[in-house]
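Every heavy atom of this structure was used, including side-chain atoms; hydrogens, water molecules and symmetry mates were not. Residue numbering restarts at 1 for every chain, and letters A, B, ... go by the order of the sequence lines.
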Amino acid sequence: MKKSLEIRSVRKSFGSNEVLKGISFRIEPGEIVSLLGANGAGKSTLIKILSGAYTEFEGEILINDQPAKFNSPLQARSIGIETVHQKINEGIIPGLTVAENLLFDRIALGEISRFATPAKLVRESKEILKELDLDWNESILKDDVFNLGIADQQLLLLARALSHNPSLLILDEPTSALSNLEVARLFKIIQRLRTDGVAILYVSHRLGEIDELADRIVVLRDGVIQAIQSKPFNWEDALHEMLGISLNDAQVAQDEQRGASVVLSIKDAQIFSEGKQWSLDIRGGEVTGVIGLLGAGKTELARALYGVDKLKSGTIEFLGESYRPKSPIDAIKKGIFLISEDRARDGVLEGWSIANTASLPFLKKISSGGLMNFSKETDLAKQMIERLNVITQSHRSTVDSLSGGNQQKVMVGRWLIQDSRLLLLDEPFRGVDIGARREIAKQIRDLAREGNGAIIFSSDIDEILESADRVIVMVDGDIKYDGYLSNTSRNEIIKKMSEVA
Amino acid sequence: MNVKIKAPGSEYVARDFLVKYGFILVTIISFVLFFSSQETFRISTTFFSMLKYTSVVAITGLGITFSMAVGGLDLSVGAVAGMAVTLSAMTMVVYDKPAIVAVGLVLLAGALIGLLNAFLIVVLKIPDLLATLASMFAIMGLKLVPVNGRSVSSGMMLEDGSTAPGKFTDGFLKIDGGQLGPIPYAVILWMSLTIVCWLFLTRTTWGRAMYSVGSNPEAAMLAGIKVKLYRTLAYVASSVLASISGLILASRIGQGDISAGNSLLLDSVAVALVGTSVLAMGKPNAWGTALGAFLMGVVITGLTIAGFPYYGQDVVKGSVLLLALVFSFTLSRKKSRFISAV
């Protein structure tokens, strides 16, 4: 049955933090609407409301112009809303067969007997798969779902959602795990659903995909709809709306530094297996900002330079010598430090003091013959606290008790007070207040000024404008622009970012 | 810059005090209670023999402390101690070798088992608990092979009809039986090992690195810590300490009892867990483990003297452990972090 979906003045708060500030838009049957927004814009919250995960909110959701009320994901499904979530492992049940996974909802609801024979499950599964033109044979269907590739798992989740004949389909980043070929296959399916009259909400960071698929785009920023565009899309405008209007355009590049000596030289690099190859020199004496949307390959590059992961291809030279780090230990020895993107997951040690956290990568320096010198450790911590202006009671306070900005000062500061030759900062300003952000940015500039390299990887254009001298625009693992800030503009950078592959 | 953020609310003061010193208080109260009510408890030999009996569990608990520090748990410690008993009996009784050879072999075997455990965990990537569960069974079975499943005692009949030539040497029996003044050697060993482990874990970079692995292995790796190396070290330390307590046990029993060490695993895990709540450390630590073992010793000895039936002992151990866990998890505002592998 064809249905339209209307969201009317939807508001949602978590405590005093209002995440959605009155959202209204409409999806007609047979229409694909794409939701666009940076991290924290409110996309996930909206999806959770539509899929029935959040039931407490203000405003209305109308199906076919009738107010709809649903208090659980199950009820959302019963009125025809299906959601395919971004995280595959939240939908796949390991240990069950492919067929059991495909039919899982129906088995759980008792529509298919819990004691159904594998042959019956296979029969039922094939019916579903026929709709999708997927030709998975019996041995695949009877195999553990774990043996499916990640792309096929993604398709399985889509097939499962479609088996309920939804009239509204929500797809959250469905292509993030897929290769080009698989994306093409997925698109064919989505196009057919549109012809069949399904209303589709498509959430993605890949502008190329949205350009190909969507009929309209809704741009969300800070919980407010900034713009709604119909085809043909003006991507430059859309990105402007998504990233916000800068209040400090005038401040950009007040004292732009131009580095001279090459610190790091990357040749014929390839980040994704299907991506283009490129080469890049990073110079000391200037701050390099790498900007790109989520999934552009920034984190992959940072981790490869730090020896955690490997580039698909390419060679790296550091200070004129071949550099092939096997682990962070190799990187740290050379003075290449990484501040990783997820502080809580990759940096903070629960219950550890500032001093202990700060000294962890440099235990050798505060010890002799393995015996630790605590006063050296304390001095180091105090020096860091002072230099970065960390707001804390003492160096013995735990890092997790600090505010986000101060936690990040510790994460950055512990490397800054050491002899850093190249600092890699992956989203260093995420969840950091403006004061701490300025403080950290200043420290990075000071470090660069001494002739060292510094690369800031960020998806926030204002962070890059504020803190970098040179900007590199990365799209789908490829470099689209490389130049000094004074030679470019915010508009031009956004234009480059919006270049659809 | 020093800024007062916020003082903890007064409602927390009493609770924090309880969390921090509660366990030490419980220990002191139990000790005073038994000391004042039981005459036998007041005799100094009772005190030292209690410590002597506790030392086996305590030293094995130190081993558990290491595996817990890297975020795992070594379930093979009891089996390793049992292996040590059989191996030292075989060496001295069947092969008539001197005590020093037995000690050397036992320590070597302990180190090798630790390496094997680390291999299973670090290289084959089997979760800690499961890997050491498997090696526990393997060790318990394998030690029976050379002795045909029988306990080894001096003068026993060997397979070929001859009599076993050797015996537990006097020197070996002194490990448990000997004392320096009033203090048994086993207790001196326990205290020395506690000090060594404490220094290692808190004063050296290796100990610090181990704790970082247990707290957040990803963060440790990104900080340039050799995660695999420290997990290996921890499991070797665990097995070596378990084999040392096996030596004390062998010396105490005076024969290669094949059932020795069977109950050791649970007791030593309990004392190490109790140790995490001492001074609200929230993490495995050497002195905490020692104190946990001491409290267990006091309570068990006191109750035994008071005529409490032996079969009720496990109930008491369980209650003591539960109390400690309430301090660590329920009352503490700090999140306790260990056994993340479970």
Side-chain angles (χ1 to χ4, degrees), chain A residues 303 306-308 327-333 337-340 342-352 356-374 377 382 385-395 397-403 406 411 414-415 426, chain B residues 1-8 12 16 19-20 69-71 196 198-230 233 276-277 279-285 328-329 332-340:
Chain A
R303 284 170 72 94
Y306 192 54
V308 188
S327 77
I329 299 166
D330 294 340
I332 293 170
K333 269 189 202 136
F337 303 150
L338 170 75
I339 289 94
S340 53
D342 190 333
R343 186 166 63 230
R345 193 189 62 205
D346 299 336
V348 173
L349 296 132
E350 217 176 312
W352 278 48
N356 293 358
T357 307
S359 67
L360 187 63
F362 304 100
L363 289 176
K364 277 211 178 88
K365 291 193 176 172
I366 56 154
S367 63
S368 55
L371 270 185
M372 279 194 289
N373 183 333
F374 291 128
E377 183 179 38
K382 283 185 171 160
I385 288 169
E386 171 133 350
R387 184 156 148 201
L388 278 105
N389 208 1
V390 179
I391 308 211
T392 175
Q393 273 178 310
S394 115
H395 60 277
S397 303
T398 61
V399 174
D400 38 88
S401 72
L402 302 176
S403 70
N406 284 296
M411 290 295 137
R414 68 170 171 175
W415 302 104
D426 194 2
Chain B
M1 185 159 89
N2 279 306
V3 178
K4 280 271 176 222
I5 307 282
K6 58 177 181 226
Y12 287 126
D16 285 354
V19 168
K20 195 158 186 189
V70 294
V196 169
W198 167 66
L199 287 174
F200 181 89
L201 284 171
T202 61
R203 293 288 189 276
T204 70
T205 56
W206 307 298
R208 180 68 68 77
M210 276 187 190
Y211 279 128
S212 77
V213 171
S215 175
N216 186 342
E218 184 72 15
M221 182 272 289
L222 288 170
I225 299 295
K226 293 172 180 150
V227 173
K228 290 178 179 176
L229 172 74
Y230 287 104
L233 269 183
T276 62
S277 76
L279 288 177
M281 296 286 274
K283 62 182 182 188
N285 65 97
S328 277
F329 289 97
S332 176
R333 287 187 289 141
K334 196 162 93 178
K335 211 171 138 202
S336 295
R337 355 162 264 289
F338 42 87
I339 330 190
S340 51

Region of A:Phe337 that comes under 4.5 Å of a non-hydrogen atom in chain B = neither

B:Leu222 versus A:Ser340, closest heavy-atom pair with distance | CD1-OG, 3.8 Å

Do other residues, nucleotides or ligands put more than 12 heavy atoms under 6.0 Å from A:Lys365 NZ?
-> yes

Of all of A:Asp330, A:Ile366, A:Ile332, which one pairs up most often with chain B through heavy atoms under 4.5 Å apart?
-> A:Ile332

Select one option (side chain, backbone, both, neither) describing which atoms of A:Ser359 are under 4.5 Å from chain B's heavy atoms.
-> side chain

A:Tyr306 portion near chain B, given a 4.5 angstrom heavy-atom threshold = side chain

Can you find a heavy atom in the side chain of B:Met221 that is under 4.5 Å from one in the side chain of A:Val308?
-> yes

So do A:Leu371 and B:Leu199 actually touch side chain to side chain, heavy atoms under 4.5 Å?
-> no

Between A:Leu360 and B:Ala223, which heavy-atom pair has the shortest distance, and what is it?
-> CD2-CB, 3.9 Å

Measure distances from A:Asn373 to the heavy atoms of chain B and classify the residue's part below 4.5 Å as side chain, backbone, both or neither.
-> neither

A:Met372 and B:Thr204: which non-hydrogen atoms are nearest, and at how many Å?
-> CE-O, 3.3 Å

Flag, side chain of B:Tyr211 to backbone of A:Trp352, donor-acceptor distance under 3.5 Å | no

Under 3.5 Å, side chain of B:Asn216 to main-chain N/O of A:Asp346, donor-acceptor pair present?
-> no

Considering all heavy atoms of both residues, which atom of A:Gly347 and which atom of B:Ala219 are nearest to each other, and what is their separation?
-> O-CB, 3.7 Å

Sequence neighbours excluded, every pair satisfying salt bridge (Lys or Arg N to Asp or Glu O under 4.0 Å) that has a member inside residues 207-229 of chain B | A:Arg303-B:Glu218, A:Glu377-B:Arg208

When A:Ser397, A:Gly370, A:Ser401, A:Pro328 are compared by non-hydrogen pairs under 4.5 Å with chain B, the top option = A:Gly370

